[in-house]
Novice: 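Sharing a structure with you now.
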Amino acid sequence: MTTQEQDVHSIPDIDLSHAIRSDACVLFTGDHETAELLARRLHGLSGWRQGPFVAVDCGQPEASLESHLFDLLDVEKVSAGEGAWPTLAQSGTVFLRDVGRLPRPLQLRLSERLTILRTRPGEPRRNRRRVISSSSTPLAQRLEDGSFDANLYYRLNVIQFVIAPGEQG
């Protein structure tokens with residue numbers, strides 16, 4: 001059964017209310033399939049629901065991942081209707097599945113891109129995209145050993161949810 005086919009009742013009962021009211025990045029730590037179900041629920045209940053939900057597998061080969069990911073987050077390209085995902089110019093959610101698998105050079109570029117796209121409190125939405133991510137392993141451990149970029153971690157981990165083993169969908 002694919003993530004999209006799973007029954008809504010199999011999603012853990014996690015309070016997403018704070019994240020629903022916010023445009024901030026969200027990080028789910030734990031089972032990535034459950035995280036994707038929760039991310040889809042969050043997207044569907046938030047102000048981003050009119051736009052698409054686009055999942056990006058951060059474990060795919062680096063060349064295709066780089067092209068796909070940065071096309072999604074390119075403000076000029078998307079606003080001009082260029083690239084593979086022109087509908088994200090209106091609004092939408094980008095879900096980074098298992099972001100801990102992102103190669104280090106792409107971590108640095110993604111961190112820079114998120115800095116450019118950031119909407120500050122009280123400002124109108126500039127980036128028109130919400131970024132939600134998941135990691136099957138705690139990224140804090142990866143920070144300690146230097147295998148995950150600290151700046152990216154702090155940009156993605158604005159609102160965090162930990163999926164306990166018993167809460168997997």
Novice: Taking the side chain as every heavy atom from C-beta outward, state whether I159 and H18 have any atom pair closer than 4.5 Å.
Specialist: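 I159 reaches H18 side chain to side chain.
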Novice: So among V158, L96, L27, V56, which one has a side chain to side chain contact (heavy atoms under 4.5 Å, CB included) with V131?
Specialist: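 Passing option: L96.
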Novice: Quick one: side-chain hydrogen bond (donor to acceptor under 3.5 Å, both in side chains) pairs with a partner in residues 139-148, sequence neighbours left out?
Specialist: R142-S147, D145-S147
Novice: Got a second to check how far W48's CH2 is from H43's NE2, nearest 0.5 Å?
Specialist: 10.0 Å
Novice: Taking a hydrophobic cluster as the set of Ile, Leu, Val, Met, Phe, Trp and Tyr residues connected by side-chain heavy atoms closer than 4.5 Å, whether directly or through intermediates, do L108 and L156 fall within one such cluster?
Specialist: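 In one cluster: no.
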Novice: Is any side-chain heavy atom of V26 closer than 4.5 Å to a side-chain heavy atom of R130?
Specialist: yes
Novice: Is the closest side-chain heavy-atom distance between R97 and E36 below 4.5 Å?
Specialist: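 Yes. Closest side-chain heavy atoms under 4.5 Å.
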Novice: Distance only, no hydrogens: is a donor on one side chain within 3.5 Å (strictly under) of an acceptor on the other, for R155 and S111?
Specialist: yes
Novice: Does E112 reach the side chain of L110, with side-chain heavy atoms less than 4.5 Å apart?
Specialist: no
Novice: Can you tell me how far CG of D57 sits from CG of L65, rounded to the nearest 0.5 angstrom?
Specialist: 8.0 Å
Novice: Taking D149 for the side chain and R104 for the main chain, is one N or O donor matched with an acceptor at less than 3.5 Å?
Specialist: no
Novice: Any chance you could measure S46, atom OG, to R21, atom CZ, to the nearest 0.5 Å?
Specialist: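 Answer rounded to 0.5 Å: 12.5 Å.
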Novice: Would you please test N157 and C25 for side chain to side chain contact (heavy atoms under 4.5 Å, CB included) and show each step?
Specialist: CA-CA 7 Å; N157 192 32; C25 291; over 6 Å; no
Novice: Does any part of the side chain of Q107, heavy atoms only, come nearer than 4.5 Å to the side chain of V99, both counted from C-beta?
Specialist: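 Sidechains of Q107 and V99: no contact.
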Novice: Could you tell me whether the side chain of L139 reaches within less than 4.5 Å of the side chain of T29, counting heavy atoms only?
Specialist: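 In short, these two side chains do not touch, never coming nearer than 4.5 Å.
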Novice: Can any side-chain N or O of S134 pair as donor or acceptor with the backbone N or O of D98 at less than 3.5 Å?
Specialist: yes
Novice: Hey, what do you get for OG (S133) to CG (L152), rounding to the nearest 0.5 Å?
Specialist: 7.5 Å
Novice: Aromatic rings F161 and F28: how do their planes relate, parallel, tilted or perpendicular, breaks at 30° and 60°?
Specialist: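 Parallel.
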Novice: Check this for me: does any side-chain nitrogen of one of E66 and R109 sit under 4.0 Å from a carboxylate oxygen of the other?
Specialist: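 Salt bridge between E66 and R109, a charged N being under 4.0 Å from a carboxylate O: yes.
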Novice: Rounded at 0.5 Å granularity, tell me how far CD1 in I20 sits from CZ in R41.
Specialist: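 Between I20 CD1 and R41 CZ, I get 8.5 Å after rounding to 0.5 Å.
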Novice: Measuring from atom CD of E33 to atom CD1 of I163, what distance do you get when rounded to the nearest 0.5 angstrom?
Specialist: 11.0 Å
Novice: What are the two closest heavy atoms between A24 and S22, and how far apart are they?
Specialist: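 Minimum heavy-atom separation between A24 and S22: N-OG, 2.9 Å.
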